[in-house]
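Below is one structure; the comments refer to it alone.
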Amino acid sequence: MTFKKAAAADILQTFHNNDEFSEDTEICYNGKYYTAPVVVSDYSPEEISRSNDDYNDGIYSIVKTVYIPFDSLGFLPSVNNRIEIGDYTYRIISVDLEMGEIVLKLERYDE
């Protein structure tokens with residue numbers, strides 16, 4: 001077994017193990033629903049910067065990083081598309097594939 005295969009197996013058995021880090025979560029992308037063991041990073045909401053004539057007072061940008069096993073979706077989502085994870089809809093900022101898992105950077109706005 002190569003190092004990459006061993007590391008990918010370890011990620012699935014530990015990182016995406018529901019008893020350890022992940023949680024089975026419903027995902028909706030392009031109208032299709034999937035259930036996958038998802039790991040969501042913590043986030044720090046940041047107030048949106050605004051110009052003098054803007055009325056975005058109290059609107060926050062929430063950015064999260066989400067890890068999903070590639071085998072759970074079977075494809076890479078596209079940047080700038082929308083994805084629903086759990087109860088929220090996000091805009092996809094970036095997509096990477098690292099050792100068998102999809103790494104999504106997502107953004108949504110909240111008050």
All side chain to side chain donor-acceptor pair (under 3.5 Å) counterparts of D96, not counting sequence neighbours: none
Distance-only donor-acceptor check, side chains S61 and E107, under 3.5 Å: yes
Any residue meeting side-chain contact (heavy atoms from CB on, under 4.5 Å) with E84, in chain and number order, not counting sequence neighbours: C28, T89
Sequence-distant partners of D110, side chain to side chain donor-acceptor pair (under 3.5 Å), two or more places apart: R108
Test log, rule side-chain contact (heavy atoms from CB on, under 4.5 Å), inputs Y67 and V38: CA-CA 6 Å; Y67 304 88; V38 173; over 6 Å; no
Any L106 side-chain heavy atom under 4.5 Å of I83 side chain: yes
Over all atoms of both residues, closest heavy-atom pair of S78 and I92: O-CD1, 3.5 Å
L104 versus P77, closest heavy-atom pair with distance: CD2-CG, 4.2 Å
Test side-chain contact (heavy atoms from CB on, under 4.5 Å) applied to S72 - qualifying residues, sequence neighbours left out: A36, P37, I68, P69
Shortest non-hydrogen separation from V79 to I93 and the atoms involved: CG1-O, 3.4 Å
Among V63, V95, V66, side chain to side chain contact (heavy atoms under 4.5 Å, CB included) partner for K105: V63
pair L76-I102: side-chain heavy atoms closer than 4.5 Å: yes
Between CZ on residue F70 and CG on residue L97, distance to nearest 0.5 Å: 6.5 Å
Non-neighbouring partners of R82 that pass salt bridge (charged side-chain N to carboxylate O under 4.0 Å, His left out), sequence neighbours left out: none
ring-ring contact (aromatic ring centres under 6.0 Å, His included) partners for Y34, two or more places apart: F75
Set of residues satisfying side-chain contact (heavy atoms from CB on, under 4.5 Å) with respect to D87, sequence neighbours excluded: none
Flag side-chain contact, heavy atom, 4.5 Å: I85 against Y90: yes
